[in-house]
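Have a look at the structure below before the remarks.
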Amino acid sequence: MALSTITSNIDSILGLSLAVTPSNREESTVLSLGYDQTQSTCEIIVRHTGDPSFLSRYPDVMEFRPLANAYAIVTVPVSFVDVLAKAPEVLYIEKPKAFFLGPLELPSDSNSLRQVPPMNTPNTLLPNLPQQYPGKGVLIGIIDSGIDYSHPDFLDANGNSRILALWDQTLPPGMQFYNNEELTLAANATSSQDKAAICPSFDLSGHGTHVAGIAAGTYGIAPQSSLIIVKLANDRNASFPGTVQLMEAANYCVEKSLEFQMPLALNLSYGSVYGARNGVTLLDTFLDQLSYQGRSIFVSGTGNEGDKPNHINSEIAGDVAEFTIGPYETAVSIQLWKAYSDTYDIRFQSATSSVAREIAPTFGSQSITFPGLKLLLFYGVPSPYSPFQEIFLQLLPEDSSAFLPQGLYRIFLTPRDVRLGTWNLWLSSESGGSSSGFLTPSPFTTLTLPSAGNRILSVGSYNPSNDNYSSFSGRGYTSDTNQIKPDLVAPGENILSCAPGGGYSIRTGTSMATPFVTGVCARYMEYGIIDGNDPNLYGEKLKATLHRNARRLPGYQKYPNPQTGYGALSFGSL
């Protein structure tokens with residue numbers, strides 16, 4: 001049964017979230033992200049032409065926050081999205097997507113270590129780090145869970161904070177922004193109460209502090225670099241940030257780098273599982289264009305999905321994709337991406353039914369009911385930025401107080417008129433567990449966003465103790481566009497770095513590998529830009545330099561490859 005049909009210049013997840021009932025929307029974190037149910041409003045990402053002031057023509061636009069290069073974050077009534085999408089200045093609209101940390105990226109030890117061991121700190125894990133280039137004069141941006149600004153690793157020899165600016169998105173307006181002078185006073189305050197009175201920003205998870213310590217701590221890769229920190233706020237309907245928060249954070253970091261007139265190495269250790277992994281979402285294009293401003297490089301981890309059963313493609317599945325749903329699942333979403341030129345008869349079979357039901361090949365939203373299951377889906381069309389088509393499926397229990405039926409599910413894709421013949425399915429479980437997934441998953445094209453972006457320097461993980469590639473590390477290449485991702489791998493297992501409270505802890509994940517590369521980028525930028533040896537050593541030129549100097553890991557015959565890219569991070573010849 002068709003639910004509704006609306007304008008086609010919105011992404012499929014937004015289309016479905018607008019079409020379903022408010023109660024169905026609330027049952028799914030994916031669909032409810034960005035919504036304020038009590039006010040019947042939603043936050044959306046808009047790509048437009050010209051000046052964003054055109055939005056002020058519409059009295060229903062409750063708020064808009066302009067970003068660089070004709071992007072904006074806009075809050076409107078749910079009923080007004082379709083009207084805004086038809087505005088001549090609006091090119092495309094996307095719904096916010098969730099960002100998360102992989103399950104591996106928790107402390108490996110229960111207690112923070114109070115002394116730094118003489119070995120296995122980040123700066124000892126990379127050979128040939130030149131002491132004369134410690135990142136001085138370069139700005140490292142950390143967009144994450146915040147930072148323990150009092151940690152001694154982030155103070156210089158005189159006790160001054162090396163953090164030039166901090167934006168805590170979680171704090172009330174008027175209390176979010178702090179400069180270097182305030183952070184120095186807070187870091188040197190004698191009590192936690194005095195610290196909080198000056199700067200009440202804390203890193204509760206410790207993830208951001210750990211990441212910052214790898215990139216720029218005393219025992220990190222670029223120990224004399226300056227820092228800019230953004231603590232991401234959670235979306236109003238979730239316990240994690242969304243693309244809106246990340247885009248605004250990246251925009252802020254670039255603006256501050258231009259204000260300080262400093263080159264920027266921006267670290268992005270969060271990831272999203274929503275998108276085609278081909279570098280064409282609004283987040284991808286926004287970050288690509290933003291990276292052209294000033295002298296910068298953006299570094300992102302490929303995520304920890306490499307050994308999860310969350311991806312399958314036509315090469316492995318043939319015409320039938322089978323997946324299981326385990327116990328206690330409240331919602332599962334599936335993205336089917338294919339070439340728009342290819343036509344398939346698509347059918348869906350629930351674990352509770354012996355009969356597969358047809359998905360009508362008609363643009364818009366549909367609803368199909370099985371015993372114990374509601375299947376909500378949106379049949380999309382290509383965007384102006386991609387020739388590929390998404391069909392987004394949301395699985396919800398028929399009774400909102402129950403769980404999804406357990407068992408085996410099937411999606412049949414019978415070729416009708418096929419030219420390319422390739423498709424990809426990605427599955428996401430809201431429980432975050434591993435009991436649901438495809439029976440014969442593919443570990444490739446398991447990148448998280450934004451690491452699939454064209455201009456992003458993407459980083460996977462390897463174990464520095466044995467030079468083995470990390471099985472959890474998200475792999476390339478990108479879907480459809482076949483870009484070489486990851487660019488590099490870096491140490492990502494059992495990494496010792498800063499923890500809140502002045503101590504140190506051990507964590508594992510691509511989030512830990514990413515700041516190794518960010519710190520090395522700062523060192524290269526000091527050599528090239530600050531010391532004047534090569535004022536153009538940033539962006540694509542810096543990526544190419546890292547590719548050239550990458551170290552080959554044992555066991556791989558071909559470079560680059562979808563696991564390690566061009567190889568392991570190494571500070572080679574300049």
Side-chain angles (χ1 to χ4, degrees), residues 65-69 133-144 146-147 149 151 153-169 171 176-188 198-199 201 208 211-213 215-218 220-232 246-268 286-287 289-299 455 457 515 517-539 541-542:
R65 306 192 296 278
L67 301 175
N69 302 314
Y133 301 115
K136 191 172 183 179
V138 178
L139 189 62
I140 289 181
I142 305 291
I143 299 175
D144 215 288
I147 194 169
Y149 56 76
H151 199 293
D153 275 35
F154 307 123
L155 305 177
D156 66 18
N158 297 317
N160 297 313
S161 177
R162 290 170 42 226
I163 306 170
L164 299 190
L166 183 152
W167 177 21
D168 188 333
Q169 296 179 344
L171 294 175
Q176 294 186 342
F177 298 97
Y178 296 89
N179 60 30
N180 177 255
E181 181 179 354
E182 293 165 327
L183 291 164
T184 296
L185 288 172
N188 289 281
I198 302 169
C199 177
S201 180
V211 166
T218 301
I221 305 302
Q224 291 187 30
S225 60
S226 299
L227 285 159
I228 182 169
I229 304 295
V230 180
K231 179 178 179 178
L232 292 172
L246 185 77
M247 291 170 73
E248 291 188 299
N251 197 81
Y252 171 80
C253 289
V254 170
E255 286 181 347
K256 298 304 285 187
S257 74
L258 296 173
E259 175 187 332
F260 297 142
Q261 298 185 19
M262 298 173 69
L264 170 69
L266 183 62
N267 191 95
L268 306 167
F286 171 74
L287 292 176
Q289 294 178 35
L290 185 67
S291 70
Y292 283 107
Q293 299 196 21
R295 294 182 171 92
S296 66
I297 189 163
F298 293 2
V299 189
R455 295 264 300 173
L457 175 56
V517 178
T518 305
V520 166
C521 286
R523 284 176 169 264
Y524 272 114
M525 294 167 101
E526 180 189 5
Y527 164 83
I529 300 170
I530 303 303
D531 280 12
N533 294 298
D534 185 349
N536 296 315
L537 194 56
Y538 62 95
K541 185 172 186 178
L542 181 47

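Just so it is clear, the model here is predicted, and its values are computed rather than measured.
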*Whether Phe177 and Trp167 hold their rings parallel, tilted or perpendicular, with breakpoints at 30° and 60°*: parallel

Exercise: identify the closest heavy-atom pair between [X] and [Y]:
X: Val138; Y: Pro263; result: CG1-O, 3.6 Å
X: Thr218; Y: Pro223; result: O-CB, 3.7 Å
X: Ile140; Y: Ala215; result: CD1-O, 3.9 Å
X: Leu264; Y: Ser257; result: CB-CB, 3.8 Å
X: Val299; Y: Cys521; result: CG2-SG, 4.3 Å

Side chains of [X] and [Y]: does their closest heavy-atom pair fall under 4.5 Å?
X: Tyr252; Y: Ile143; result: no
X: Leu171; Y: Tyr178; result: yes
X: Leu457; Y: Val517; result: yes
X: Leu164; Y: Lys256; result: no

Any chance you could measure [X], atom [atom1], to [Y], atom [atom2], to the nearest 0.5 Å?
X: Gln176; Y: Leu166; atom1: CD; atom2: CG; value: 10.5 Å
X: Leu287; Y: Met247; atom1: CG; atom2: CE; value: 7.0 Å
X: Asn180; Y: Leu227; atom1: CG; atom2: CG; value: 10.5 Å
X: Ile228; Y: Leu266; atom1: CD1; atom2: CG; value: 9.0 Å
X: Ile529; Y: Leu542; atom1: CD1; atom2: CG; value: 8.0 Å
X: Ile229; Y: Ile147; atom1: CD1; atom2: CD1; value: 4.0 Å

*asked:* Suppose we screen for side chain to side chain donor-acceptor pair (under 3.5 Å). Which residues come up paired with Asp168, at least two apart in sequence or across chains?
replied: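 Asp168 satisfies side chain to side chain donor-acceptor pair (under 3.5 Å) with Thr170, Ser201 once adjacent residues are dropped.
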
*Kindly write out the residues that satisfy side chain to side chain donor-acceptor pair (under 3.5 Å) with Gln169, not counting sequence neighbours, or none if the list is empty.*
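With sequence neighbours excluded, Gln169 shows a side chain to side chain donor-acceptor pair (under 3.5 Å) to no residue whatsoever.
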
Given 3.5 Å as the limit, does a donor-acceptor pair link the side chain of [X] with the main chain of [Y], or not?
X: Arg162; Y: Ala216; answer: yes
X: Ser296; Y: Ser291; answer: yes
X: Asn188; Y: Gly159; answer: yes
X: Asp156; Y: Asn158; answer: yes
X: Asp153; Y: Gly217; answer: no
X: Asn179; Y: Ala165; answer: no
X: Asp531; Y: Asn533; answer: no
X: Thr184; Y: Ser161; answer: yes
X: Asn69; Y: Phe286; answer: no
X: Gln224; Y: Gly135; answer: no

*Identify whether NZ of Lys or CZ of Arg in Arg455 sits under 6.0 Å from the centre of the six-membered ring of Phe298 and within 45° of that ring's axis.*
no

_What verdict does the side-chain contact (heavy atoms from CB on, under 4.5 Å) test give for Leu67 and Glu248, after you've listed the backbone C-alpha separation in whole Å, the side-chain angles of each residue and the deciding distance to 0.1 Å?_
CA-CA 7 Å; Leu67 301 175; Glu248 291 188 299; 4.0 Å; yes

*With a 4.0 Å cut-off, would you call Arg523 and Glu526 a salt bridge?*
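Looking at Glu526 together with Arg523, the answer is no, because their closest N to O distance does not fall below 4.0 Å.
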
*Under 6.0 Å from the CD atom of Gln261, do we count more than 12 heavy atoms belonging to anything else shown?*
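Check fails, neighbour count at 12 or below.
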
